[in-house]
Amino acid sequence: MEMRHAGRLLVECLEVLGAKHVFGVPGESYLSVLDGMFQSPVTFVNSRNEGGAGFMAAAYGKLTGQPGLCFVTRGPGATNASIGVHTAMQDSSPMILFVGQIETTAREREVFQEVDYRAFFGNLAKWATEIEHVERIPEIVSRAWSTALSGRPGPVVVALPENVLAADTDVAPIARAPALPAPSPSSDTVGEIRTALEKAARPVILIGGSGWTSTGKDALARFADGADIPVITAFRFQDLHDNTLDTFAGEAGVGMLPEVRETLANSDLVLALNVRFGEMTTDNYALFDLPDMRQTLIHAHPSSAEIGKIYQPDIAVQSCPNALAHALAEVPLKASRSGWRRAARQRYEATFDLPILPGPVNMVEVVRHLQDRLDDDAILANGAGNFSIWHSKYFRYGAGHRLLAPQSGAMGYGLPAAIMAKIVHPERQVVCLAGDGDFQMNCPELGTAMQMGAAPVILVLNNRSYGTIRMHQERRFPFRVSGTALANPDFTSLAQAYGMLGETVERTSDFAPAFERALASPAGALLEIPIATEALTPHVTIADLREAPN
């Protein structure tokens with residue numbers, strides 16, 4: 001190999017791994033890497049804040065199943081990006097954060113922007129390390145890639161000392177992407193699962209996590225249909241099972257609908273596939289008895305560390321979800337429970353009977369129009385807030401739809417995720433739904449969209465409030481409003497300043513034509529939708545909370 005600096009060696013390794021995009025904010029601490037990307041097929045997506053770049057990388061991992069790559073500078077750059085690392089961890093999304101680092105010769109002097117990244121990211125990431133010798137770049141990059149993807153996928157942090165990156169080297173890059181085994185169930189285990197399911201009168205399949213393939217999801221759908229078992233998705237994973245199928249029975253997520261809770265609570269067996277049993281999916285751990293469920297629990301996960309972590313399973317299966325779904329689908333299950341499955345579906349269907357809330361725009365009609373107008377492979381994205389209930393609970397995700405939403409409850413995720421999705425899939429419709437507070441967390445990323453030619457459609461639901469916090473405030477301290485009101489800019493003018501179409505939807509009847517113009521805009525669009533502050537959720541108003549008994 002010819003001599004070149006180590007920054008170029010690092011980029012060569014990423015090229016071998018098949019990297020197409022990296023997200024970041026440039027910094028002097030990794031100039032050699034930036035130089036290594038000169039005329040490289042890897043595209044550097046120049047974000048406006050490291051937090052936005054971190055979100056893009058985390059969402060990339062969720063969308064593609066491959067590690068999202070993020071490059072930031074040391075100190076403030078890394079700490080800004082930490083929100084993306086935390087989000088990727090909670091989402092079980094593969095990600096690698098590369099951080100420019102001080103020179104190895106200056107450690108522990110508290111030099112400019114010095115941080116110990118092993119300590120800082122130790123509890124946020126699957127693995128945090130630092131490359132101290134040029135010769136180890138291929139080894140550590142390969143391991144970082146494997147670690148991000150193996151077991152329960154998640155984020156890895158790699159610190160890059162400036163003097164290491166600048167050193168000349170003739171070390172060869174990695175030869176190929178690491179080969180990762182996909183754990184699969186034994187035939188005996190599959191037999192145990194079948195026996196337990198045949199004995200159950202009211203089983204439920206609960207699915208979530210990352211690593212699913214389209215064929216794996218199809219296999220699960222065939223199995224659930226043949227076995228007459230309702231399927232419920234974990235928090236913000238409702239795109240894993242076609243919502244139009246008779247087997248889909250809802251999402252077990254934040255603000256869990258009572259109809260979905262009833263199905264889970266009344267079940268006698270839970271087949272949990274790829275689920276880590278987070279707080280939202282278990283209704284703050286009140287839904288199932290701890291640590292032993294009343295229901296028979298079959299818990300399958302590719303990481304043994306997740307099995308038995310919260311609930312003790314009756315049957316433990318270390319397997320990737322696709323392998324187990326295919327194994328279960330191979331032989332029809334001898335059981336009949338169509339009444340139970342129909343009742344679960346009917347409960348889910350009943351959730352669509354929504355009241356008309358105060359305000360100029362009826363969000364029921366907005367969601368219905370999105371359902372009718374969006375393509376079968378549209379991508380929806382959101383951050384955190386009560387606004388997300390509308391499409392989380394009342395949009396029916398088909399087999400080709402994707403949802404990019406943070407299990408971490410991080411505000412500001414939706415816009416960077418949507419921009420990333422439009423960069424990766426410019427041919428697909430991408431819609432970001434955001435609250436006014438949520439949108440303003442990362443609205444400067446509109447500059448990234450403009451620079452990259454990405455054209456998402458952004459719906460800003462503006463209630464001039466941190467609505468979720470206002471809801472809790474009114475529940476605990478009615479009439480005592482403090483710190484939750486927002487004075488907002490003109491969102492449409494802001495969008496126009498970035499070259500996008502910007503419009504305000506004043507009435508329900510205005511939405512459909514405005515959305516058509518938004519979809520047709522080559523530069524993307526932002527539609528501001530005024531929402532009454534009074535309407536806190538699709539079911540609850542401020543007056544309802546104030547009148548409710550404490």
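Residue indices begin at 1 and follow the sequence shown. Fair warning: this is a prediction, and the values are worked out from it, not measured in the lab.
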Checklist outcome for this item: Minimal heavy-atom distance between Phe277 and Tyr285, with the atoms involved, is O-OH, 3.3 Å
Next on the checklist: Under a 3.5 Å threshold, yes or no: a donor from one side chain and an acceptor from the other, between Arg152 and Ser92?
Outcome noted: yes
Checklist entry - Heavy atoms, side chains only, cut-off 4.5 Å: are Pro291 and Tyr311 in contact? => result no
Next on the checklist: Whether the Asn386 and Thr468 side chains hold a donor-acceptor pair (N or O, under 3.5 Å, no angle test) is what I'd like checked.
Outcome noted: yes
Next on the checklist: So does Ala252 get a backbone contact from the side chain of Thr281, meaning a donor-acceptor N/O pair under 3.5 Å?
Outcome noted: yes
Next on the checklist: The test is side-chain hydrogen bond (donor to acceptor under 3.5 Å, both in side chains); show your working for Glu259 and Thr351 and say whether it passes.
Outcome noted: CA-CA 7 Å; Glu259 295 85 353; Thr351 65; 5.8 Å; no
Checklist entry - Are a donor atom and an acceptor atom from the side chains of Thr233 and Glu251 found within less than 3.5 Å of each other? => result no
Item to check | Flag side-chain contact, heavy atom, 4.5 Å: Ile207 against Val231 | outcome: yes
Next on the checklist: Just by distance, no angles: are the side chains of Thr79 and Ser82 close enough, under 3.5 Å, to form a donor-acceptor pair?
Outcome noted: no
Checklist outcome for this item: In this structure, OG of Ser319 is separated from CG of Leu273 (nearest 0.5 Å) by 8.5 Å
Item to check | Proximity of His401 and Phe395 rings by center, below 6.0 Å | outcome: yes
Next on the checklist: So for atom CG, which belongs to Asn123, do other residues, nucleotides or ligands contribute more than 12 heavy atoms lying within a distance under 6.0 Å?
Outcome noted: no
Checklist entry - To the nearest 0.5 Å, what is the distance between NE2 (His301) and CG (Asn274)? => result 4.5 Å
Checklist entry - Cut-off 3.5 Å, side chains only: do Arg236 and Ser392 have a donor facing an acceptor? => result no
Checklist entry - Can you tell me if Asn322 and Thr213 form a side-chain donor-acceptor pair at under 3.5 Å? => result yes
Item to check | Crowding at NZ, Lys309 (>12 non-hydrogen neighbours, <6.0 Å) | outcome: yes
Checklist entry - So, Glu349 and Arg396, do they make that salt bridge, N to O below 4.0 Å? => result yes
Checklist entry - Yes or no on side-chain contact (heavy atoms from CB on, under 4.5 Å) for Leu354 and Trp390, after CA distance, side-chain angles and deciding distance? => result CA-CA 11 Å; Leu354 295 170; Trp390 286 107; 3.9 Å; yes
Next on the checklist: I'd like to check Asp268 versus Trp340 (side-chain heavy atoms, cut-off strictly below 4.5 Å). Are they in contact?
Outcome noted: no
Checklist entry - What about Phe223 and His326, are their ring centers closer than 6.0 Å? => result no
Checklist entry - Would you call Asp289 and Arg294 a salt bridge, using N to O less than 4.0 angstrom? => result no
Checklist entry - Are any side-chain N or O atoms of Arg337 and backbone N or O atoms of Ile229, one a donor and one an acceptor, separated by less than 3.5 Å? => result no
Checklist entry - Glu534 side chain to Pro358 main-chain N or O, any donor-acceptor pair under 3.5 Å? => result no
Checklist entry - Measuring from Asn382:CG to Phe439:CZ, what's the distance to the nearest 0.5 Å? => result 14.5 Å
Checklist entry - Can you tell me if Arg341 uses its side chain to pair, donor with acceptor, with the backbone of Ala227 under 3.5 Å? => result no
Item to check | Asp242 and Thr244: side chain donor to acceptor below 3.5 Å | outcome: yes
Checklist entry - Run the salt bridge (charged side-chain N to carboxylate O under 4.0 Å, His left out) check on Glu474 and Arg470 step by step: do they pass? => result CA-CA 6 Å; Glu474 293 287 357; Arg470 176 72 181 272; 2.8 Å; yes
Next on the checklist: Counting only heavy atoms not in Asp376 (residues, nucleotides, ligands), do more than 12 fall under 6.0 Å from its CG?
Outcome noted: no
Checklist entry - Given Leu269 and Leu197, is the side-chain contact (heavy atoms from CB on, under 4.5 Å) satisfied, shown in steps? => result CA-CA 8 Å; Leu269 182 148; Leu197 287 171; 3.5 Å; yes
Item to check | Tyr413 and Met411: CA distance, side-chain angles, deciding distance, side-chain contact (heavy atoms from CB on, under 4.5 Å) verdict | outcome: CA-CA 6 Å; Tyr413 173 98; Met411 295 179 69; over 6 Å; no
Next on the checklist: Between Phe511 and His369, is the ring centroid distance below 6.0 Å?
Outcome noted: yes
Checklist entry - Hey, are the side chains of Phe98 and Cys70 touching, using non-hydrogen atoms and a 4.5 Å cut-off? => result no
Checklist outcome for this item: dist Arg475:CZ -> Ile542:CD1 (nearest 0.5 Å) comes out at 12.0 Å
Checklist entry - Can you list the steps and then say if Leu328 with Ile193 is a side-chain contact (heavy atoms from CB on, under 4.5 Å)? => result CA-CA 9 Å; Leu328 291 173; Ile193 296 172; 3.9 Å; yes
Next on the checklist: So, taking the atom named CE in Met420 and the one named OG in Ser47, what distance separates them when rounded to the nearest 0.5 Å?
Outcome noted: 11.0 Å
Checklist entry - For the rings on Phe235 and Phe237, is their centre-to-centre separation under 6.0 Å? => result no
Checklist outcome for this item: d(Ile529 CD1, Leu459 CG) to nearest 0.5 Å is 5.0 Å
Checklist entry - Should the pair Asp375-Arg428 be classified as a salt bridge under the 4.0 Å nitrogen-to-oxygen rule? => result no
Item to check | Side-chain heavy atoms of Cys432 within contact of Pro456, under 4.5 Å | outcome: no
Next on the checklist: For Phe387 versus Leu433, what's the shortest heavy-atom pair and its separation?
Outcome noted: CE1-O, 3.0 Å
Checklist outcome for this item: Scanning both residues in full, the closest heavy-atom pair of Ile205 with Ala224 reads CD1-CB, 4.1 Å
Checklist entry - Does Glu50 offer a backbone N or O that forms a donor-acceptor pair with the side chain of Asn80 under 3.5 Å? => result no
Item to check | Ala381 to Ala417 - nearest heavy-atom pair and separation | outcome: CB-CB, 4.2 Å
Checklist entry - Does a salt bridge link Lys62 with Asp91, judged by any charged N lying under 4.0 Å from a carboxylate O? => result yes
